[in-house]
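Here is the structure we will look at, set down as structure tokens.
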Amino acid sequence: MSIEGVHLLEHLQTPAMMIVRGQVRFANSAAKALLGAHIVGQDVRIAIREPRAVAAILSDEGGSARVKGLSTGGSVWEVDCKVVGLYERLVSLYDLSERVSVAKSHADFVANASHELRTPLANVIGYCETLMNPKAGGDEGLRNRFLGTIRHEAQRMQALISDLMSLSRIEAVKHEAPSDTVDVVALAHEVAGEFKGTMEVHVRANQSEAVIAGDRGQLSQVLRNLIDNARKYAKPEGPVEVSVEAASTGWVLVTVRDEGEGIGPEHLPRVTERFYRADTSRSRAVGGTGLGLSIVKHIVERHRGRFDIESRQGIGTTASLMLPLKGE
Ligand code: ADP
């Protein structure tokens with residue numbers, strides 16, 4: 001590559017440099033933004049302090065190396081070196097940070113899900129083995145108690161699998177705009193009705209209807225999860241207030257408010273993370289999976305809405321979602 005040709009690198013978004021005899025002869029703007037303008041003229045061992053990348057650059061055959069922390073602390077870059085002349089090397093840098101972090105969060109997710117399944121499964125196996133022992137299994141009272149526990153643990157796994165399947169279904173359609181015509185006021189009454197006889201749920205609306213383009217099944221799951229959280233963590237019998245307010249700004253605000261103990265401020269920013277629980281033993285005892293609010297958040301995002309949760313300890317919790325109303 002001629003030294004004039006090297007200036008074409010300036011048009012690339014990717015950081016690129018020309019190294020001649022181990023020295024940075026040219027760096028495009030992206031490379032200078034990443035490594036500093038001072039690298040031009042510098043020895044490559046100073047410009048990139050990573051030994052494996054330097055070894056690839058100085059070798060006769062070129063190659064590539066992964067480098068951590070070139071831009072921000074957690075960043076991961078690939079330094080790729082092509083031999084373009086006896087002493088000339090073309091070095092390009094690719095930011096792999098996002099790919100690496102997506103891969104890591106997938107791996108974490110699978111590890112978490114497996115861990116969540118392993119505990120109830122180990123309990124089921126343990127209780128079955130005890131029941132197979134004629135001494136324990138022969139005692140009717142004990143047998144019934146153990147069978148009850150086995151059923152409870154199996155139901156926990158069932159709830160977890162059903163939430164995992166919901167998450168994956170939501171993930172699969174996340175780029176498709178939802179297209180059902182949904183009246184949020186009617187939907188709120190319908191979902192509140194499912195709790196009739198078990199808990200007190202009031203629905204209040206400022207208009208007789210609030211129509212949005214949505215996914216009916218997913219939106220009812222949002223309301224069901226939020227009301228169910230009030231049942232599980234606030235008061236089992238309620239009251240819960242669901243409010244639907246359509247505004248002239250083109251948005252509808254839906255809130256679900258309870259009068260429970262609330263969520264501590266240290267937990268609040270994290271409750272929508274997968275498997276995050278403010279109180280793990282309580283969540284497990286009431287059949288929580290740690291996925292309910294993360295499902296809510298994903299559904300609201302698919303609807304191009306916003307989800308927020310506020311809580312005052314000792315007073316209660318309000319979960320709110322803003323959704324765009326359907327245009328005329
Ligand atoms: P889970 O399946 O455990 O209920 P969620 O994602 O629905 O998971 O909620 C995450 C955590 O947030 C719960 O484990 C609970 O500690 C807390 N939480 C959620 N809703 C409420 C609420 N209305 N009142 C108090 N705590 C709540």
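What's counted below: heavy atoms across the whole structure, side chains too, no hydrogens, waters or symmetry copies. Start at 1 and go down the list; that is how both ligands and their atoms are numbered. No experiment lies behind these values; they were computed from the predicted model shown.
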Legend entry - Distance-minimising heavy-atom pair for Ser92 and Thr14: CB-CG2, 4.4 Å
Per-pair distances, ligand 1 N/O vs protein N/O, less than 3.5 Å:
from     : atom 1 : to     : atom 2 : distance (Å)
ligand 1 : 2 (O)  : Thr289 : N      : 2.7
ligand 1 : 2 (O)  : Gly290 : N      : 2.7
ligand 1 : 3 (O)  : Tyr233 : OH     : 2.9
ligand 1 : 3 (O)  : Ser283 : OG     : 2.7
ligand 1 : 3 (O)  : Gly290 : N      : 3.1
ligand 1 : 4 (O)  : Asn229 : OD1    : 3.4
ligand 1 : 4 (O)  : Lys232 : NZ     : 3.0
ligand 1 : 4 (O)  : Tyr233 : OH     : 2.5
ligand 1 : 6 (O)  : Gly292 : N      : 3.3
ligand 1 : 6 (O)  : Leu293 : N      : 2.8
ligand 1 : 7 (O)  : Asn229 : OD1    : 3.2
ligand 1 : 7 (O)  : Asn229 : ND2    : 2.9
ligand 1 : 7 (O)  : Leu293 : N      : 3.3
ligand 1 : 8 (O)  : Gly290 : N      : 3.4
ligand 1 : 14 (O) : Tyr233 : OH     : 3.4
ligand 1 : 16 (O) : Ala278 : N      : 3.1
ligand 1 : 20 (N) : Asn229 : ND2    : 3.3
ligand 1 : 23 (N) : Asp258 : OD2    : 2.8

Legend entry - Val91 and Asp80, any side-chain heavy atoms less than 4.5 Å apart: no
Legend entry - Polar side-chain atom of Asp180 near backbone of Arg216 as donor-acceptor pair, under 3.5 Å: yes
Inset, instruction - With sequence neighbours excluded, give me every salt bridge (charged side-chain N to carboxylate O under 4.0 Å, His left out) pair touching residues 109-127. - result: Glu116-Arg277, Glu116-Arg284
Inset, instruction - State plainly whether the residues Glu301 and Lys174 are in salt-bridge range, i.e. N to O under 4.0 Å. - result: no
Inset, instruction - Mind telling me whether Tyr276 and His267 have parallel, tilted or perpendicular rings, with 30° and 60° as the class edges? - result: tilted
